[in-house]
Amino acid sequence: MGVSEKTITDFLRQNEKWISEKEKQLSEIQKKFPKKQFVKGERFLFKGEAHHLSFEASPDQRIKFHPNAGQLICKVPYNSLKPDLSPMPGLEQDLKEALGRLYEKEGRALLAERTKLFANKMGLHPAKISYRSQRSRWGSCTTQGHISLNWRLAFAPLEVLDYVVIHELAHLRFPNHSRSFWHLVETFCPDFKTRQKWLKEHQSEVDFLEN
């Protein structure tokens with residue numbers, strides 16, 4: 001606001017190559033991870049494993065999801081399902097919110113359990129832990145020792161979730177990304193680069209949780 005049109009235009013011209021590269025990367029990600037559809041057979045990652053969506057009629061009035069043996073079973077009220085057990089039109093937001101509740105519940109529980117485990121192993125204990133939902137930031141740590149973790153990590157394999165926990169706990173000792181910091185991370189997570197790569201390649205799997 002208050003910047004001249006010329007300044008904006010010059011900035012865009014100077015960064016044209018970078019912008020084009022980012023647009024290309026985004027296009028490739030969108031092709032690889034198309035928008036999730038809440039239809040039978042759609043694939044969702046949960047705890048690192050592919051689960052395929054199916055629907056069941058339920059007497060309950062609240063939509064609930066239950067993962068079971070590679071299936072993500074969605075229990076929907078009788079009056080919200082068609083005869084072929086597909087959901088009625090207009091339910092997508094309700095389905096998304098219900099699935100989000102499953103990810104949040106499982107994510108919080110897993111993160112709390114693994115943080116306690118590695119805090120004891122590393123001898124590093126946060127002053128406070130909070131759980132949030134963010135698109136691509138998996139964790140953070142303040143200088144006051146407050147760790148924030150992303151419950152969306154319920155979609156990832158346990159070893160990947162563990163990497164994020166170890167990363168943030170290591171920041172309690174080193175509030176930077178120095179060589180000493182990465183050495184501490186590597187001590188408890190020798191293949192951390194592989195786990196970083198997995199997160200980068202799969203983070204769009206949970207874009208469906210966006211409003």
Side-chain angles (χ1 to χ4, degrees), residues 19-112 114 131-139 148-165 194-211:
I19 293 170
S20 295
E21 288 175 353
K22 293 301 177 183
E23 285 180 332
K24 183 180 178 181
Q25 289 175 13
L26 179 60
S27 177
E28 290 172 352
I29 289 172
Q30 289 172 339
K31 288 178 182 177
K32 186 175 180 180
F33 300 104
K35 183 181 177 182
K36 297 290 185 185
Q37 303 294 321
F38 284 86
V39 296
K40 183 178 179 180
E42 179 64 280
R43 171 189 169 280
F44 292 87
L45 270 187
F46 184 70
K47 295 184 180 180
E49 296 183 2
H51 286 68
H52 296 276
L53 186 59
S54 64
F55 296 92
E56 290 183 3
S58 169
D60 294 337
Q61 289 304 302
R62 194 181 194 197
I63 298 171
K64 294 181 180 179
F65 282 86
H66 299 278
N68 182 36
Q71 294 292 313
L72 188 58
I73 302 167
C74 179
K75 296 191 174 183
V76 182
Y78 288 113
N79 57 1
S80 296
L81 282 181
K82 297 178 183 178
D84 64 355
L85 296 183
S86 62
M88 293 287 191
L91 274 187
E92 182 172 342
Q93 186 60 32
D94 292 335
L95 291 166
K96 184 191 300 184
E97 289 175 1
L99 186 51
R101 288 193 294 270
L102 172 67
Y103 277 75
E104 181 173 7
K105 178 184 175 182
E106 295 295 328
R108 283 173 173 267
L110 271 174
L111 287 165
R114 305 306 285 183
Y131 306 97
R132 299 178 182 176
S133 172
Q134 294 175 288
R135 182 165 186 170
S136 59
R137 191 172 189 182
W138 303 110
S148 176
L149 297 166
N150 193 333
W151 53 254
R152 293 188 185 196
L153 285 162
F155 91 106
L158 186 61
E159 61 268 21
V160 172
L161 180 147
D162 284 348
Y163 158 68
V164 176
V165 170
T194 300
R195 304 183 192 193
Q196 280 181 332
K197 183 180 178 183
W198 191 97
L199 270 178
K200 186 175 182 180
E201 291 178 348
H202 293 85
Q203 64 184 34
S204 295
E205 290 274 4
V206 280
D207 280 355
F208 70 88
L209 291 170
E210 297 293 318
N211 292 324

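Since the structure is predicted, the reported quantities are computational estimates derived from the model, not experimental observations. Values below: all heavy atoms of this structure, side chains included; hydrogens, waters and symmetry mates excluded.
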Between [atom1] on residue [X] and [atom2] on residue [Y], distance to nearest 0.5 Å:
{"X": "Lys96", "Y": "Lys36", "atom1": "NZ", "atom2": "NZ", "result": "13.0 Å"}
{"X": "Leu111", "Y": "Asp162", "atom1": "CG", "atom2": "CG", "result": "9.5 Å"}
{"X": "Ile73", "Y": "Glu56", "atom1": "CD1", "atom2": "CD", "result": "5.0 Å"}
{"X": "Leu209", "Y": "Glu97", "atom1": "CG", "atom2": "CD", "result": "11.0 Å"}
{"X": "Lys22", "Y": "Ile19", "atom1": "NZ", "atom2": "CD1", "result": "11.5 Å"}
{"X": "Leu158", "Y": "Leu110", "atom1": "CG", "atom2": "CG", "result": "6.5 Å"}

CZ/Arg62: more than 12 non-hydrogen atoms of other groups inside 6.0 Å: no
Partner set under ring pair (Phe, Tyr, Trp, His ring centres under 6.0 Å) for Trp151, not counting sequence neighbours: none
Residues Leu153, Val165; criterion side-chain contact (heavy atoms from CB on, under 4.5 Å); working and verdict: CA-CA 10 Å; Leu153 285 162; Val165 170; over 6 Å; no
Measure the shortest side-chain to side-chain distance between [X] and [Y] over non-hydrogen atoms and say whether it is less than 4.5 angstrom.
{"X": "Lys200", "Y": "Gln196", "answer": "no"}
{"X": "Leu102", "Y": "Leu72", "answer": "yes"}
{"X": "Cys74", "Y": "Ile63", "answer": "yes"}

Set of residues satisfying salt bridge (Lys or Arg N to Asp or Glu O under 4.0 Å) with respect to Lys75, sequence neighbours excluded: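 Salt bridge (Lys or Arg N to Asp or Glu O under 4.0 Å) list for Lys75, sorted by chain: empty.
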Considering all heavy atoms, the nearest [X]-[Y] contact:
{"X": "Gln134", "Y": "Arg137", "result": "OE1-O, 3.6 Å"}
{"X": "Arg152", "Y": "Ser133", "result": "NE-OG, 2.9 Å"}
{"X": "Gln203", "Y": "Phe155", "result": "CA-CZ, 4.3 Å"}

Intermediate values then yes/no, side-chain contact (heavy atoms from CB on, under 4.5 Å), Tyr131 and Glu104: CA-CA 9 Å; Tyr131 306 97; Glu104 181 173 7; over 6 Å; no
Residue pairs fulfilling ring-ring contact (aromatic ring centres under 6.0 Å, His included) with at least one residue in residues 41-87, sequence neighbours excluded: Phe38-Phe44, Phe44-Phe208, Phe46-His51, Phe46-Tyr103
Candidate pair Val164 and Leu199, rule side-chain contact (heavy atoms from CB on, under 4.5 Å), full reasoning: CA-CA 10 Å; Val164 176; Leu199 270 178; 3.7 Å; yes
Whether Arg132 side chain and Ser148 backbone form a donor-acceptor pair below 3.5 Å: no
Salt bridge Arg43-Glu205, side-chain N to carboxylate O under 4.0 Å: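 Counted as a salt bridge, because a side-chain N and a carboxylate O are separated by less than 4.0 Å.
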